[in-house]
Number of protein chains: 2
Amino acid sequence: MARPRKTVTLKEVAREAGVSISTVSRALNDQPFVRDEVRDRVLTASKALSYRPDVAARSMRTGTTGAVGLVVSDISNPLFAAIAKAADETLSPRGYALMIANSSNDASHEAELMRAFQQRRLDGLIIAAADEGAAGLAERIADFQAAVLLDRDVPEAQADSVLSDHRTGLTDALQHLVDLGHERIALITGTASQRGSRVRIQTYFDACRRLKVACEPALCRSEQMTVDDGYQSVSEVLDLPEPPTAIIAGNNQLFAGLFAAIRDRGLRIPEDLSIVACEETELTALHRPPLDVVRRDLAELGRAAAELLLERIDEPTRAPRQILLPTVFEARASSDRPPAELAA
Amino acid sequence: MARPRKTVTLKEVAREAGVSISTVSRALNDQPFVRDEVRDRVLTASKALSYRPDVAARSMRTGTTGAVGLVVSDISNPLFAAIAKAADETLSPRGYALMIANSSNDASHEAELMRAFQQRRLDGLIIAAADEGAAGLAERIADFQAAVLLDRDVPEAQADSVLSDHRTGLTDALQHLVDLGHERIALITGTASQRGSRVRIQTYFDACRRLKVACEPALCRSEQMTVDDGYQSVSEVLDLPEPPTAIIAGNNQLFAGLFAAIRDRGLRIPEDLSIVACEETELTALHRPPLDVVRRDLAELGRAAAELLLERIDEPTRAPRQILLPTVFEARASSDRPPAELAA
DNA sequence: GTGAAAGCGCTAACAC
DNA sequence: GTGTTAGCGCTTTCAC
């Protein structure tokens with residue numbers, strides 16, 4: 001079972017440098033009370049043998065590992081890449097390595113991944129949990145010395161969090177559509193077990209009621225978040241006796257499904273149907289006509305999460321903090337007056 | 001410095017169960033020679049205290065960590081997500097956790113990440129190196145007990161590798177364009193320090209020569225691989241005295257740049273210009289008209305890499321193996337006869 | 001300033 | 001079958 005390791009240890013460096021193990025340790029860790037001459041000798045020996053400290057052994061003594069984890073619910077979502085990149089760029093100058101794991105939106109796999117990270121004694125965790133209501137999630141989060149929730153709401157976990165203000169962007173989008181004359185607007189969004197979708201649903205009903213437009217449950221779909229789900233939901237909504245004249249997709253996967261569905265039906269944008277995407281992607285950025293979008297700064301999200309985590313690691317007892325980042329609606333050319341008005 | 005860890009140890013479980021530490025270890029690791037009654041007692045105690053083994057301590061003894069690393073050159077490339085997912089799905093049933101890290105195509109950051117993984121004594125590494133020619137890369141790879149290269153060529157590393165047969169798909173694409181009557185075809189591809197681009201360049205010149213069409217260096221661009229690079233290269237190629245009538249983009253980022261450039265110039269596809277993308281993405285899949293594409297099975301790539309790695313871990317001395325996976329050209333509707341012929 | 005030695009949590013000989 | 005014990009490589013008292 002035990003696999004051999006041809007690893008250079010402190011002991012060998014010590015022998016090479018002609019000093020004791022503890023002196024090597026001190027010299028290598030920039031501690032005081034080492035003569036410069038000795039320090040040089042140690043450094044030379046260490047370099048010569050290409051010594052690499054064993055993190056496992058060190059962390060057994062110190063309790064720290066210099067690594068933090070990122071668990072994302074869906075790695076195939078390109079948005080996450082921007083977040084991971086920004087987090088990495090914040091953490092790595094501070095000496096932390098970022099380890100990413102993917103739950104594929106499966107709460108039980110996610111639990112396993114968290115356990116794997118926890119057993120590796122990572123110094124912290126940034127997590128976009130698949131299901132905020134999963135049994136034991138708060139405890140699993142609390143197992144970490146430091147944890148930051150990524151646009152998730154798990155009150156019992158008492159963790160720091162970075163949240164997007166989905167309400168503002170979506171409200172502006174709805175206002176824009178209503179201003180154009182739309183009275184039946186559909187929202188296709190993801191599972192209510194994630195904060196983003198929950199807020200969108202709430203916002204949708206609030207705004208529709210306030211703006212005095214159709215506010216029917218049939219026009220607001222909350223499903224899983226795959227492309228296929230989006231396709232299916234859009235199809236059903238368009239088959240309603242009174243179909244909507246505008247559709248908002250709550251995330252990029254659903255938007256891809258929406259896009260495919262209207263393409264397959266031969267609908268023109270925006271003449272036959274107005275559409276709005278939440279999240280900027282390659283598709284929304286490059287399409288002609290330009291597509292209306294509710295954007296947010298994902299790099300800022302990742303950066304803020306990483307910074308919150310670092311602060312928490314430094315100061316474990318501080319009260320949990322939330323950071324709320326804006327979303328912005330950007331009108332482009334995928335919305336227009338509703339078809340009935342256009343015909344008139 | 002030392003951060004306290006409120007961790008349940010074997011010792012405490014042993015006390016709780018009223019047995020010795022080693023018995024607990026045996027019981028928990030499904031080893032023989034433990035009475036069922038005792039095993040049950042241990043399991044109960046372990047559960048009651050919610051004992052979690054310390055991977056660092058264990059790995060210090062066994063030399064294994066149960067974790068493997070994946071280093072990608074660009075996490076913002078959605079293709080990698082499919083690979084990572086497939087690799088994860090192969091590894092996790094076998095008890096391995098996959099840790100992903102992103103080099104952002106920066107060879108020195110990549111070296112750091114590899115060091116971080118190596119110091120954590122990961123059992124293996126799957127890597128899509130940013131620069132095949134980076135100094136010391138082969139040594140860094142050899143530092144790992146097991147390593148698999150992902151579509152990269154680093155002969156000195158003597159590692160296993162999973163490669164895509166870029167030649168076949170691209171050759172078929174070129175043949176298709178030439179059959180349509182194109183005589184000036186441009187290739188926009190990435191840095192020659194990665195196998196994929198190198199093969200494409202070679203294939204391009206080989207095929208153009210064989211097919212007796214224009215084969216000028218000015219039509220073959222090898223740059224970095226960002227969207228902006230693609231945009232820039234395409235612009236330059238289209239500004240040539242004799243511009244191409246068809247353009248092939250060597251990856252999805254470059255394709256996005258290509259797409260943006262022709263959109264900004266108001267060129268119609270395929271009437272004004274024929275285009276082919278390497279790699280299927282949201283954009284190529286959803287666009288109207290459907291876009292010609294050179295596809296490959298990314299999940300298979302990830303799966304094969306993971307399997308190769310597992311085999312290597314089990315059998316460290318085996319001779320290195322390569323697996324070559326196909327690419328397929330799929331003609332859709334973004335290629336047509338060249339503009340001159342269409343006008344005729 | 002430097003070395004000797006303890007011990008982090010665990011597994012694997014080796015006793016019994 | 002079960003307990004005792006010796007380290008894995010490292011940091012950190014504590015002597016000197």
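Just so it is clear: chains get the letters A, B, ... in the order the sequence lines come, proteins before strands, and each one is counted from 1. Owing to the predicted nature of the structure, the values given are computational and were not obtained by experimental measurement.
- A/D314 and A/R94 are joined by a salt bridge, as a carboxylate oxygen and a charged side-chain nitrogen come within less than 4.0 angstrom of each other.
- For B/R15 and D/dT4, the CZ to P distance is 15 Å, given to the nearest whole Å.
- Taking atom CE of B/M60 as the reference point, atom P of C/dG9 lies 11 Å away to the nearest angstrom.
- For the pair B/T23 and D/dG3, the criterion of a side-chain N or O lying under 4.0 Å from OP1 or OP2 is met.
- A salt bridge links B/E311 to B/R321: at least one charged side-chain nitrogen sits closer than 4.0 Å to a carboxylate oxygen.
- Residue contacts shown for B/S22 include a base, since a base heavy atom lies under 4.0 Å away.
- A/T44 contributes atom OG1, which lies 10.5 Å from atom CG of A/L49 (distance to the nearest 0.5 angstrom).
- Taking atom NZ on B/K11 and atom P on D/dT5, their separation rounds to 14 Å, with Å as the unit.
- In this entry the distance linking CG of B/D54 with C1' of D/dC8 reads 13 Å, nearest Å.
- Going from atom CZ of A/F80 over to atom CG of A/L301 covers 13.0 Å, rounded to the nearest 0.5 Å.
- Counting to the nearest Å, the P atom of C/dC14 and the CZ atom of B/R26 are 14 Å from each other.
- The residue among B/I21 and B/A57 whose nearest nucleotide of DNA chain D lies closer to the 5′ end is B/I21.
- A salt bridge links A/R303 to A/E300: at least one charged side-chain nitrogen sits closer than 4.0 Å to a carboxylate oxygen.
- Contact annotation: A/S20 side-chain N/O to C/dG3 OP1/OP2 distance is under 4.0 Å.
- Here D/dC10 presents its P atom at 9 Å from CG of A/L28, a figure rounded to the nearest Å.
- Between B/E110 and B/R140 there is no salt bridge, since no side-chain nitrogen of the basic residue lies less than 4.0 Å from a carboxylate oxygen of the acidic one.
- Across the protein-nucleic acid pair, A/N29 atom CG and D/dG9 atom P stand 17 Å apart, rounded to whole Å.
- Using a 4.0 Å heavy-atom criterion, one finds that A/Q31 contacts the sugar-phosphate atoms exclusively.
- For B/R41 and B/E37, the salt-bridge test passes: some basic side-chain N is under 4.0 Å from an acidic carboxylate O.
- Non-hydrogen atoms lying under 4.0 Å from DNA chain C are contributed by B/Y51, all within residues 32-52 of chain B.
- For the pair B/R61 CZ and D/dC10 P, the computed distance is 16 Å after rounding to whole Å.
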